[in-house]
Undergrad: 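One structure follows; several queries about it will come next.
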Amino acid sequence: MLFEPRSGRLAAWGNALLAGLVSPDEAVLSIVGEDAVHRVVGLPGESGPVGLTLALGRLRALGVTGLRVALPAPGHPLGLSGPPEFNARALEAEEAVVAVGAALGLVPEVAEAGPAGDVHVSVTWHCLPVREAPPADVPSLGEAERELAEALREATVVLTRLDVAGSGPVAEAALSAYRARADAGREVLAPGYPPRAVRVLALAQRVDLLVSLAYEHGPGGAVAASEMAARAEALRPVERVARRALVAAYNAAVEERERG
């Protein structure tokens with residue numbers, strides 16, 4: 001399964017909409033994806049939940065010119081700038097969107113209902129105040145690409161050492177699905193993003209997939225608690241690099257526009 005955070009979809013297609021490159025309907029359909037519905041609460045000037053189309057229009061009217069992604073983890077406030085209340089909520093969700101041009105941020109809350117195979121997913125985006133400051137620990141695209149190349153080599157070594165690379169049909173099916181989607185030319189970002197951002201995002205997703213396989217589909221070699229801890233310790237730096245690269249890719253449209 002490829003890691004495609006909802007905050008990434010909101011930022012990418014929201015940026016394309018703000019740049020006038022897609023219609024509101026196209027942006028909202030792409031953001032919602034396979035979910036049933038998305039709503040925004042806490043938006044200035046609105047007393048209750050509103051749909052994405054109205055919310056994106058209101059954000060533009062409030063002065064928002066772009067959207068950035070944050071993918072924080074414990075001890076790593078990646079993409080965040082405060083205040084503590086917003087950071088805590090974003091850390092709980094493990095993702096957030098931070099507006100450019102207005103001191104606002106959006107954190108998703110996901111609810112699922114229904115039986116297996118027919119799950120109804122609704123997303124509520126909580127609009128909250130943020131501190132206007134540089135986001136934490138976000139690399140440039142060039143830095144992210146260099147880090148990813150090294151991380152991919154490290155991940156391959158770790159997977160081989162842990163005997164995960166050939167860990168049976170489940171792992172092979174996941175890798176085959178990744179290759180099929182990549183070969184099909186899946187649009188991983190919205191219009192307006194530089195080709196390098198698309199390349200970095202695809203590579204970051206591949207690294208993230210390999211890390212997930214190492215955690216989930218190792219054969220019998222990492223049964224003991226000490227072995228599982230060693231696996232996590234070896235993969236943590238690789239996982240961190242992949243998250244940094246994802247943020248750099250999703251934020252590339254804003255960064256490029258600000259450079260002029």
Side-chain angles (χ1 to χ4, degrees), residues 1-17 21-22 26-38 52 56 66-73 78-79 90-98 105-112 119-125 138-139 141 144-145 148 151-152 155 171 173-217 238-254:
M1 180 176 65
L2 299 186
F3 182 47
E4 190 175 34
R6 289 178 173 87
S7 56
R9 295 205 307 266
L10 176 58
W13 289 93
N15 283 329
L17 176 62
L21 299 175
V22 298
E26 184 179 0
V28 169
L29 283 173
S30 298
I31 293 166
V32 173
E34 297 180 358
D35 298 334
V37 65
H38 284 217
L52 274 180
L56 290 169
L67 299 169
R68 287 191 172 103
V69 170
L71 296 176
L78 176 61
L91 181 58
E92 183 179 359
E94 299 183 338
E95 61 176 311
V97 172
V98 179
L106 298 155
V107 180
E109 179 183 358
V110 180
E112 297 182 353
V119 177
H120 176 101
V121 178
S122 61
V123 180
T124 300
W125 293 91
V138 178
L141 271 179
E145 193 166 31
L148 275 173
L152 188 56
L175 286 170
S176 296
Y178 172 85
R179 295 187 190 103
R181 293 181 75 176
D183 291 344
R186 182 176 63 94
E187 189 171 20
V188 294
L189 282 170
Y193 277 81
R196 191 176 202 177
V198 177
R199 185 168 67 246
V200 167
L201 180 61
L203 184 56
Q205 288 177 324
R206 183 167 188 266
V207 171
D208 184 79
L209 175 65
L210 291 172
V211 170
S212 297
L213 292 177
Y215 280 130
E216 297 171 11
H217 303 306
V238 180
E239 187 177 24
R240 185 185 182 105
V241 166
R243 284 192 301 109
R244 276 168 48 86
L246 285 166
V247 170
Y250 283 120
N251 294 357
V254 171

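Since we're looking at a predicted model, the values are computed, not measured.
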Undergrad: Side-chain contact, heavy-atom cut-off 4.5 Å: L67 with V254?
TA: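 They are not in side-chain contact.
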Undergrad: Please step through side chain to side chain contact (heavy atoms under 4.5 Å, CB included) for the pair V37 and V32, ending with a clear verdict.
TA: CA-CA 7 Å; V37 65; V32 173; over 6 Å; no
Undergrad: Please report the interatomic distance CG(L71) to CZ(R240), rounded to the nearest 0.5 Å.
TA: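 Interatomic distance, L71 CG to R240 CZ, rounded to 0.5 Å: 13.0 Å.
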Undergrad: What distance do L141 atom CG and L201 atom CG have between them, rounded to the nearest 0.5 Å?
TA: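 One finds 10.0 Å between CG of L141 and CG of L201.
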Undergrad: Distance from Q205 atom CD to D208 atom CG, nearest 0.5 Å?
TA: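 The CG atom of D208 is 8.0 Å from CD of Q205, to the nearest 0.5 Å.
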Undergrad: Does the distance from a Lys or Arg side-chain N to an Asp or Glu carboxylate O, for R6 and E95, drop under 4.0 Å?
TA: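 No, no charged N to carboxylate O under 4.0 Å.
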Undergrad: Which pair of heavy atoms, one from V107 and one from A96, lies closest together, and at what distance?
TA: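 Nearest heavy atoms, V107 then A96: CG2-CB, 4.0 Å.
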Undergrad: For the pair V241 and L148, evaluate side chain to side chain contact (heavy atoms under 4.5 Å, CB included) and give the outcome as yes or no after the intermediate values.
TA: CA-CA 7 Å; V241 166; L148 275 173; 4.2 Å; yes
Undergrad: What is the minimum heavy-atom distance between A245 and V200, and which atoms define it?
TA: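 It is O-CG1, 3.7 Å.
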Undergrad: Of the non-hydrogen atoms in A242 and V207, which two are nearest, and what is the gap between them?
TA: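 Closest approach of A242 to V207, heavy atoms only: CB-CG1, 4.0 Å.
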Undergrad: Taking the side chain as everything from C-beta on, heavy atoms only, tell me whether S30 gets closer than 4.5 Å to V22.
TA: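 No; the side chains remain at least 4.5 Å from each other.
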Undergrad: Any chance you could measure L10, atom CG, to N15, atom CG, to the nearest 0.5 Å?
TA: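 Interatomic distance, L10 CG to N15 CG, rounded to 0.5 Å: 9.0 Å.
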Undergrad: Give me the one residue out of T124, V123, V97 that meets side chain to side chain contact (heavy atoms under 4.5 Å, CB included) with P108.
TA: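 Passing option: V123.
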Undergrad: Nearest 0.5 Å please: distance from the CG atom of L56 over to the CG atom of L17.
TA: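 With rounding to 0.5 Å, CG (L56) is 5.5 Å from CG (L17).
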Undergrad: Go through Y250 and L189 one step at a time and tell me if the side chain to side chain contact (heavy atoms under 4.5 Å, CB included) criterion holds.
TA: CA-CA 8 Å; Y250 283 120; L189 282 170; 3.6 Å; yes
Undergrad: Quick one: closest heavy-atom pair of P191 and A16, and the distance?
TA: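 Between these two residues, the closest heavy atoms are O-CB, 3.5 Å.
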